[in-house]
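Fair warning: this is a prediction, and the values are worked out from it, not measured in the lab.
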Amino acid sequence: MSRDHLPSAERSADSAEAPFLELLARGAAADAYEQPVLLARAEGLPDGRVAALEQAKLLALRVRTEIEGRRRREAELSALFETAHDLAGLRDLDAVLRAIVQRARSLLGTDIAYLSLNDAVRGDTYMRVTEGSVAARFQQLRLGMGEGLGGLVAQTARPYVTDDYFKDERFQHTRTIDAGVQDEGLVAILGVPLMIGPQVIGVLFAADRRARVFDREQIALLGSFAALAAAAIDSANALTETRSALDRLGRANEIIRDRSAVIERASDVHDRLAELVLRGGGVHDVAAAVSEVLDGTVEFTEPGGTPPVAVEAARADGHAVRHGDDWVAAVAAGGELLGALVLRGHSGLDPVDQRTLERAAMVTSLLLLARRSASEAEQRVRGELLDDLLDTRDRDPGLLRERAARLHADLDGPHVVLAARLDVVAADAGQEAGARRRLWSAASHLAATRHGLAAARDGGTVLLLPLGPGDTATTLARRIAKELGTAVQEAVTVGASAPLDRLATHPEAVAAAYTEGQRCLEALRLLGRAGDGAAAEDFGFLGLLLAGDRDISGFVGRTIGGVVAYDERRGTDLLRTLDAYFASGMSPARTKDALHVHVNTVAQRLERVGRLLGEDWQSPARILEIQLALRLHRLSSHGPR
């Protein structure tokens, strides 16, 4: 049935979704979704049309929320997996705890995160790790048991959050704590307990210097990090206990042999589990490894596959529990029960072997979460084919065409390789990584809509896009620079290769074209054209030199080699003086202002340049060559970044 013969309600619903699909595609802010409805009302469109737009808006906002939630959960799962990997290879407890606090602060987006531990000897609690703190008094706080927000968390073994610390009367304020909090400027604080079994050993905090409401998911995420921190401390304590036991057991050979066997099994399973995490093994691989080490049968069961009483007891206690002749360890993460590890037919279990089963359960939960995250990420990854083309790993034309066809791409048509990079200075590494992710996301969407490919590489993004009728490499580069810049709200510079044909037959051409695009990108930045797009052909003679097989170093050496060598030998600034001289319109007075030196110094340096380059160095023909050589020397010195 043609679109003209569709019922009017269906045509209205279909057209109503279009503006919101576009907003979803470019990742617009939530308030932008009101515009189509407001515009429809302003234009006096029928009520049915406005209602359809309202319904489409609500659906689009739900989809946007789901997408943002999945991205956030993926980042959280990745951080938890990395932390578990640190824990699996635990060598330095302080390093693991610092990583946990840093990742908790980054994912929750708070100004500060910190971890306190209880001191059983002194009967108080103290700061162990801080991240983002600027106040020395706060970093050195020691608190009496039951004091402050942390005391409330420790007493109740439950998370607590305050939107305004100094106005909250639920916990005991003290002068020492309040002074430290005031020095740090904290307002909103979230604290979750660090627990080993039923015992609270400390508190993990996330805090902001402004009023803030922490939602349930953020509280659960910080709780997951707290569980990993407690596990790290428990593992370190277990290692300390084992070493002490070995020292004591050194007095009796029989006991030494017995304990050595247990420790050897624990070390064996530690190494095996670490290897499984690194190579991406599955839950049944974990069960098989632990079965061999514990000399028994270990099975992974789905939720409901083990008596719920035993699983809930293990989950609540935080340790493996005995159930008849079996031992059960809950596999859980973030409050979600994922299953259980069951050791069959072992009525008696050594404490170290019990912890081995518990650690295996933790690794199993992280592997399950990683598999879930990888499955979701796999659906969005379209850069594998381009990576293979860039690295020339696959030279089978038929297979390349088949893989491209599955991505709706045609490698036999004319294509252009484009190197794109953000031209923005981020305040910190987190902001820079976020900007790169936005660029990668925008490039991936653009490649998908244009039947091309995109991949993240060298701190930027590389695209392989088909060349449309009437397009040139230059017009395509400029259009892509504009579209990507609009999508990420930052300046994006794009360098393009010359057009390529029959890439399935000649995949090695892609890597060379990418290098050419990178050189064009760097040339644009050196020429002060950041945020623009261009191809090698746009640079004239400079473009010919950038083509890849020209003697650039020879040209630079013949033209300004004497000045370069003089600067290198004497540590002078003749090259910098030349740059400033040409940039100042060959005016010594303006040159001395640019260099912040005396005009006589400029004259002496230019006289030295004349002796090195010859008396005719300021003739029009020589000036052109010298300026070009200066730019090329700068380009070859910086290189593609």
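Side-chain N or O atoms of Ser444 include one that pairs as donor or acceptor with a backbone N or O of Trp440 at under 3.5 Å. The backbone N or O of Ala580 sits less than 3.5 Å from a side-chain atom of Ser584, completing a donor-acceptor pair. Distance alone, capped at 3.5 Å, places no donor-acceptor pair between the Thr559 side chain and the Val556 backbone. Looking at Thr577, its side chain does come within 3.5 Å of a backbone N or O of Asp573 through a donor-acceptor pair. Checking side-chain atoms of His451 against main-chain N and O of His408 turns up a donor-acceptor pair under 3.5 Å. Checking side-chain atoms of His506 against main-chain N and O of Glu508 turns up no donor-acceptor pair under 3.5 Å. Between the side chain of His415 and the backbone N or O of Gly413, at least one donor-acceptor pair lies under 3.5 Å.
Between atom CG of residue Leu464 and atom CG of residue Leu418 there is a gap of 8.5 Å, rounded to the nearest 0.5 Å. Taken from OG1 in Thr493 to CG in Asp423, the straight-line distance is 3.0 Å, to the nearest 0.5 Å. One distance of note links CG of Leu484 with CG of Leu446; it measures 5.5 Å at 0.5 Å rounding. Interatomic distance, CG of Leu411 versus CG of Leu500, reported as 11.0 Å (0.5 Å rounding). We find the CZ-CG distance between Arg608 and Leu574 to be 8.0 Å, quoted to the nearest 0.5 Å. One finds the CD atom of Glu34 at 5.5 Å from the CG atom of Leu38 (value rounded to the nearest 0.5 Å).
Across all non-hydrogen atoms, the minimal contact from Pro36 to Ala32 is CD-O, 3.7 Å. Residue Tyr114 comes nearest to Val101 through the heavy atom pair N-CG1, 4.0 Å, listed as atom of the first residue, atom of the second, then distance. Across all non-hydrogen atoms, the minimal contact from Ile189 to Ala207 is CG1-CB, 3.9 Å. When all heavy atoms of Gln218 and Phe214 are compared, the closest pair comes out as OE1-CA, 3.4 Å. The two residues Val494 and Ala477 have their closest heavy-atom pair at CB-O, 3.8 Å. Of all the heavy atoms in Ser497 and Ala513, the pair that sits closest is CB-O, 3.4 Å.
Counting heavy atoms from C-beta on, the side chains of Asp387 and Glu384 never come closer than 4.5 Å. Val563 has its side chain within reach of Leu613: a pair of non-hydrogen atoms, C-beta onward, lies under 4.5 Å apart. Using a 4.5 Å cut-off on side-chain heavy atoms (C-beta onward), Arg209 and Val134 make contact. Looking at heavy atoms from C-beta onward, Arg438 lies out of side-chain contact with Ser441 at the 4.5 angstrom threshold. Looking only at side-chain heavy atoms (C-beta outward), Leu386 and Tyr514 stay at 4.5 Å or farther from each other.
We find that Arg558 and Glu625 are not joined by a salt bridge, their nearest charged nitrogen and carboxylate oxygen being 4.0 Å or further apart. Salt-bridge formation is not detected for the pair Arg576/Asp567: no Lys NZ or Arg NE/NH1/NH2 atom is positioned less than 4.0 Å from an Asp or Glu carboxylate oxygen. The pair Arg210-Asp111 counts as a salt bridge, with a side-chain nitrogen and a carboxylate oxygen less than 4.0 angstrom apart. For the pair Glu131 and Arg103, the salt-bridge criterion is not met [side-chain N within less than 4.0 Å of a carboxylate O]. A salt bridge links Asp94 and Arg128; the closest N-O separation between the charged side-chain nitrogens and carboxylate oxygens is under 4.0 Å. Between Asp388 and Arg403 there is a salt bridge, with a side-chain nitrogen of the basic residue lying less than 4.0 Å from a carboxylate oxygen of the acidic one. Between Arg457 and Asp391 there is a salt bridge, since at least one side-chain N of the basic residue sits less than 4.0 Å from a carboxylate O of the acidic one. Here Arg502 does not pair with Asp412 in a salt bridge; the nearest charged N to carboxylate O distance is not below 4.0 Å.
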Residues Asp208, Thr110; criterion side-chain hydrogen bond (donor to acceptor under 3.5 Å, both in side chains); working and verdict: CA-CA 5 Å; Asp208 261 344; Thr110 57; 5.0 Å; no
Steps toward side-chain contact (heavy atoms from CB on, under 4.5 Å) verdict (Glu184, Ile112): CA-CA 9 Å; Glu184 196 64 59; Ile112 180 174; 3.9 Å; yes
Salt bridge (charged side-chain N to carboxylate O under 4.0 Å, His left out) evaluation trace for Arg401 with Asp410: CA-CA 7 Å; Arg401 289 190 182 95; Asp410 178 12; over 6 Å; no
Test side-chain contact (heavy atoms from CB on, under 4.5 Å) applied to Ile560 and His633, step by step: CA-CA 9 Å; Ile560 59 171; His633 176 68; 4.2 Å; yes
Intermediate values then yes/no, side-chain contact (heavy atoms from CB on, under 4.5 Å), Phe205 and Leu222: CA-CA 8 Å; Phe205 299 88; Leu222 192 64; over 6 Å; no
Audit row: Leu400, Leu385, side-chain contact (heavy atoms from CB on, under 4.5 Å) steps and yes/no: CA-CA 8 Å; Leu400 288 173; Leu385 176 56; 3.8 Å; yes
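Side chain to side chain, Thr472 and Thr475 meet the donor-acceptor criterion of an N or O pair below 3.5 Å. For the residue pair Gln139 / Ser133, a side-chain donor-acceptor distance below 3.5 Å is found, with atom types taken as modelled.
The residue from His445, Arg478, Arg450 that alone fulfils the side-chain hydrogen bond (donor to acceptor under 3.5 Å, both in side chains) condition with Glu483 is Arg450.
Trp617 and Tyr581 have tilted rings, their planes meeting at an angle from 30° to 60° on a 0 to 90° scale.
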